[in-house]
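Scroll down for the structure; my scribbles are underneath it.
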Amino acid sequence: MPDPVPNAELLRSLGRLVRGLSALFWGLPIALITCVWTAYPQWVSPFRLVPPVIASALLVYGLWQLSGFQKQERVWRNALDRAIILGVVNLGLSPFVYWWSRVPGNGFFLAMVIVLIVSGLLFLGSVNVVLQRLGAMLPDEALRVEIKQFTAFNLNLIVVTLIVGGIYSLLSQPQALPSVLKPLAASLERQTIPFWLQNAAALFMHLGPWFLLLLVLLPLAMTMALLWKTKEVIMENVFGAQQ
């Protein structure tokens, strides 16, 4: 007779796990779309700062749902706690997207938006780490291998995005360049460097935002695919077996 109690508890924790994965799956694209939409003054909706706040809260809710699964696993809990901290940071910074769109000349609002972008990329990376830890605890070997491969690729893409974004930010503001790079910027202005390098730099500055967007969308799409597949595997192997 004591067997049904732990089984019921396990099913409840797995149910929360599925809900958390679903919330993350929908919350990631919604957060990106609402933040980009709110950042453009001509696109501002009557809801003002509410959409990015709600989208960020949905991500925190999803992680909170995941916290009910395997509470005794320290490595899993550590990865989850880091993701929750970054999610709360994003939640606190999300109103600055709207405030900056209203007052784009305010340096403090701009700085907070940049911090939000960096924190958002780190959050996406932390979600991939959470998926790695979750995949290691699930019995499906094929899913575990797939999660390990794609999360590693996603993390590398996120690192590249941070590096390329930092380079683009420095080149777009020559006065903020480190002293080591200022001679290169001066050479670009005097056009004393090879013609092909000038063209490459001009192309990078022109297409930089679109390239950065592509770098963000690739790991985002693959993370969403992993979240959905993990949820489906859990529902098929666990809840399907109960039928």
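Heads up: numbering here begins at 1 and tracks the sequence.
- Closest approach of Val129 to Ala79, counting heavy atoms only: CG1-CB, 4.0 Å.
- Not counting sequence neighbours, the partners of Phe25 by the ring pair (Phe, Tyr, Trp, His ring centres under 6.0 Å) test are Trp228.
- Judged purely by atom type and a 3.5 angstrom limit, Thr34 uses its side chain to pair as donor or acceptor with the backbone of Ala31.
- Scanning for side-chain contact (heavy atoms from CB on, under 4.5 Å) contacts around Leu122 gives Leu86, Val118, Leu162, with sequence neighbours left out.
- Each side chain to side chain donor-acceptor pair (under 3.5 Å) pair with one or both residues in residues 105-126, not counting sequence neighbours, appears once here: Asn90-Ser119.
- A donor-acceptor pair under 3.5 Å is absent between the side-chain atoms of Thr38 and the main chain of Val97, judged by distance alone.
- Contact detail for Leu91 and Ala57: the closest heavy-atom pair is CD1-N, 3.8 Å.
- Following chains of ILVMFWY side-chain contacts shorter than 4.5 Å, one can reach Leu80 starting from Val88, so the two form part of one hydrophobic cluster.
- Evaluation of the side-chain contact (heavy atoms from CB on, under 4.5 Å) rule for Leu217 yields Leu32, Leu213, Leu220 as partners, not counting sequence neighbours.
- What you find for Leu59 and Gly27 is that their closest heavy atoms are CD2-C, 3.4 Å.
- Both Tyr98 and Phe108 belong to a common hydrophobic cluster when Ile, Leu, Val, Met, Phe, Trp and Tyr are linked at side-chain heavy-atom distances under 4.5 angstrom.
- At a threshold of 4.5 Å between non-hydrogen side-chain atoms, the residues Asn154 and Leu124 do not count as touching.
- Taking CG of Leu14 as the start and NZ of Lys231 as the end, the distance is 13.5 Å to the nearest 0.5 Å.
- In this structure the side chain of Met235 reaches within 4.5 angstrom of the side chain of Val18, judged on heavy atoms.
- With sequence neighbours excluded, the residues that form a side-chain contact (heavy atoms from CB on, under 4.5 Å) with Trp99 are Leu49, Pro95, Phe96, Phe109.
- Legend: side chain to side chain donor-acceptor pair (under 3.5 Å) pairs involving residues 54-64, not counting sequence neighbours, sorted by first then second residue: Tyr61-Gln65.
- With a 4.5 Å cut-off on side-chain heavy atoms, Asn156 and Val160 do not count as touching.
- Taking every heavy atom of both residues into account, Leu215 and Thr161 meet most closely at CB-OG1, 3.2 Å.
- Taking the side chain as every heavy atom from C-beta outward, Met222 and Phe153 approach each other to under 4.5 Å.
- By the criterion of side-chain heavy atoms lying less than 4.5 angstrom apart, applied directly or through intervening Ile, Leu, Val, Met, Phe, Trp or Tyr residues, Ile33 is not grouped with Ile117; the two fall into different hydrophobic clusters.
- With sequence neighbours excluded, the residues that form a side-chain contact (heavy atoms from CB on, under 4.5 Å) with Glu141 are Arg144, Val145.
- Not counting sequence neighbours, the partners of Lys229 by the side-chain hydrogen bond (donor to acceptor under 3.5 Å, both in side chains) test are Glu146.
- Here the closest heavy-atom approach between residue Ile234 and residue Leu21 is recorded as CD1-CD1, 4.0 Å.
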Item to check | Trp76 and Met137: CA distance, side-chain angles, deciding distance, side-chain contact (heavy atoms from CB on, under 4.5 Å) verdict | outcome: CA-CA 9 Å; Trp76 156 254; Met137 294 185 295; 3.4 Å; yes
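- Val164 and Leu155 end up in different hydrophobic clusters when Ile, Leu, Val, Met, Phe, Trp and Tyr side chains are linked at under 4.5 Å.
- Within the model, atoms CD1 of Ile54 and CD1 of Ile30 stand 10.0 Å from one another, a figure rounded to the nearest 0.5 Å.
- For the pair Leu121 and Ile158, the tightest heavy-atom approach, listed with the atom from each and the gap, is O-CG2, 3.6 Å.
- Evaluation of the side-chain hydrogen bond (donor to acceptor under 3.5 Å, both in side chains) rule for Ser67 yields no partner, not counting sequence neighbours.
- Between Leu227 and Leu28 the shortest side-chain heavy-atom distance falls below 4.5 Å.
- Evaluation of the salt bridge (Lys or Arg N to Asp or Glu O under 4.0 Å) rule for Asp81 yields Arg77 as partners, not counting sequence neighbours.
- The side-chain hydrogen bond (donor to acceptor under 3.5 Å, both in side chains) check on Gln149 picks up nothing, with sequence neighbours excluded.
- Considering only heavy atoms from C-beta on, Ile147 comes within 4.5 Å of Thr230 through its side chain.
- Contacts of Thr151 classified as side-chain hydrogen bond (donor to acceptor under 3.5 Å, both in side chains), with partners at least two apart in sequence or in another chain: Gln132.
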